[in-house]
Amino acid sequence: MSRKYNHFETSVIHEGYDAKDMLGSLATPLFQTSTYTFTSAEQGERRFAGEEDGYIYSRLGNPTVTVLEERIAALENGERGLAFGSGMAAVSAVLIALTKAGDHILCSSGLYGCTFGLLTMMKEKYNIDHDFSAMESKEMIRSLIRPETTCIYVETPINPTMKLIDLEMVVEVAREFDIPVVVDNTFSSPYLQRPLELGCDVVIHSATKYIGGHGDVIAGLVVGKKDFLDSVAMTTQKDIGGIISPFDAWLLLRGLKTLPIRIDRHCDNAEKIVERLKTHPNVSNVYYPNDETNPDFPIMQKQMKRGGGVISFDIVGDKADAQQFLNKLSFLKIAVSLGDAETLIEHPATMTHAVVPQESRMEMEITDQLIRLSVGLEAWEDIWADVEQALNQL
Ligand SMILES: *Cc1c(COP(=O)(O)O)cnc(C)c1O
């Protein structure tokens, strides 16, 4: 689906929906229905045979969900979108579709904890192997590609270390071997980064985060070429069944309308907090893509519009100090997830990345004193005041 409107800010509100198709309703109607009636037995036969367009059963398609799928496809500049019941339903549907027993997946070193868990399960149960690579150069990537590699799977920015991977470089190597590149674009949202425009093949979102934006939905989205997504829709989505509910699709359509405004505010706030964290004596390292002192800053300038709303930092001290810091916060919320209106703060080593074995965690540079901060939409002065008073108590 190419975008119908010239500006992203207009697309988030209008793509994929025409009120005149829906009795003039301004808001996308919520089709809270499981099945669709046929006017005759022959029509049912034609629908199942794919000879006639139309809805059959909501696991195979729902009009509210269709609007969301068309909108996200347009926003990512992809041919087709698919919605899922969670980010992990989306990740698993894509990875299972791209692999069979004996295959190999090359991943960025640093992945969402449950994606790491899924890869471990795929290896143990189905003999689908994987390797991790920092992907800092073409040689580094090439050296780990095998004849059985069927997918390169990348997160950038990497959760929670906020390291970046140069997507154009990954695509150049992938093309040499004709391997698809899948990008988890959750941390950026399509407003900040559009991997398909850089030549990547598939984009995945945990829509739970910035796309929903209000901490009230768990959902996933996938965008890519029509052929591949048609096959996902008819196999791993239909038969494993991790579909989204129509109501959650409706909430995401509502959240998307304010995506650019929210993300700009998240970025404005994050930039202010980063400046201050960098000068605090109880903070030893600050990781944020849009920071000139960050070695990945040139990559951020190449492929991201801004740095996003997530900051990670090491506090001076150990795990107990990290936990004490969290306990001293007054109104900022200790919680995993990110991208909500509320500032959320967590301890990756014991929370989001607790499933990752200690040794792999160290390789990923997830130290015991690393804190992940998802900067919310509150006044940055209030966010900083709370962080600062808790840091001062260390
Ligand atoms: C949250 C998250 C996921 C998983 O999404 P769910 O909606 O929680 O299933 C995957 N990747 C990243 C980067 C995430 O932050």
Side-chain angles (χ1 to χ4, degrees), residues 68 72 76 81-96 105 107-122 130 132 151 153-165 167 182-190 192-193 195 200 202-223 236-237 240-245 247-249 251-252 255-256 263 266 287 289 304 307-312 335-340 342 344-348 351-356 364 366 370 372-376:
L68 172 67
I72 191 65
E76 284 286 2
L82 281 180
F84 290 84
S86 70
M88 285 316 302
V91 171
S92 55
V94 167
L95 285 180
I96 293 169
I105 303 169
C107 309
S108 53
S109 47
L111 286 178
Y112 181 71
C114 297
T115 304
F116 184 91
L118 172 70
L119 288 165
T120 308
M121 181 174 76
M122 288 170 77
H130 60 268
F132 296 105
C151 166
Y153 188 93
V154 177
E155 267 182 38
T156 178
I158 293 177
N159 175 22
T161 53
M162 304 310 291
K163 287 196 182 128
L164 303 186
I165 289 175
L167 291 174
V182 179
V183 179
D184 182 334
N185 203 27
T186 300
F187 271 48
S188 301
S189 88
L192 298 180
Q193 173 173 279
C200 299
V202 181
V203 164
I204 299 177
H205 284 284
S206 167
T208 311
K209 317 295 166 55
Y210 289 104
I211 289 177
H214 294 75
D216 48 15
V217 187
I218 298 233
L221 295 167
V222 177
V223 185
T236 50
Q237 184 180 50
I240 298 178
I243 56 147
I244 193 170
S245 83
F247 181 58
D248 288 348
L251 283 172
L252 292 184
L256 267 174
I263 301 260
H266 284 296
Y287 307 99
M304 294 175 75
V310 181
I311 306 166
S312 288
V336 299
S337 199
L338 53 110
D340 293 334
E342 295 82 359
L344 304 178
I345 193 158
E346 66 116 0
H347 184 233
M351 297 177 186
T352 47
H353 290 71
V355 297
V356 180
M364 294 177 183
I366 303 170
L370 187 75
R372 187 184 79 186
L373 176 66
S374 166
V375 180

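One-based numbering, in listed order, for ligands and for the atoms of each.
Of the N or O atoms in Met88, one or more lie within a sub-3.5 Å distance of an N or O in ligand 1. Ligand 1 has no N or O atom lying under 3.5 Å from any N or O atom of Ile218, backbone or side chain. Ligand 1 has no N or O atom lying under 3.5 Å from any N or O atom of Glu155, backbone or side chain. The shortest N or O to N or O distance between Thr115 and ligand 1 is not under 3.5 Å.
Using a 4.0 angstrom heavy-atom cutoff, Val91 does not count as in contact with ligand 1.
Going from atom CG of Leu338 over to atom CD of Glu346 covers 8.5 Å, rounded to the nearest 0.5 Å. If you take CD1 on Ile204 and CG on Asn185, they are separated by 10.0 Å, rounding to the nearest 0.5 Å.
Residues Tyr112 and Phe187 keep their aromatic ring centres 6.0 Å or farther apart.
Nearest protein neighbour of atom 2 (C) of ligand 1, counting heavy atoms only, is Lys209 NZ, 2.5 Å.
No donor-acceptor distance shorter than 3.5 angstrom exists from the side chain of Asp248 to the backbone of Val217, with no hydrogens or angles considered.
Nearest to atom 7 (O) of ligand 1 by heavy-atom distance, out of Ile158, Thr208, Asn185, is Thr208.
In this pair, Phe116 and Phe132 present their aromatic rings parallel. The plane angle is below 30°, not in the 30 to 60° band.
Heavy-atom contacts of Gly87 reach the following atoms of ligand 1: 5 (O), 6 (P), 7 (O), 9 (O) (cutoff under 4.0 Å). Below 4.0 Å from some heavy atom of Ala219 lie the following atoms of ligand 1, by number and element: 7 (O).
Among all heavy-atom pairs drawn from Pro160 and Arg372, the shortest one is CB-CD, 3.9 Å.
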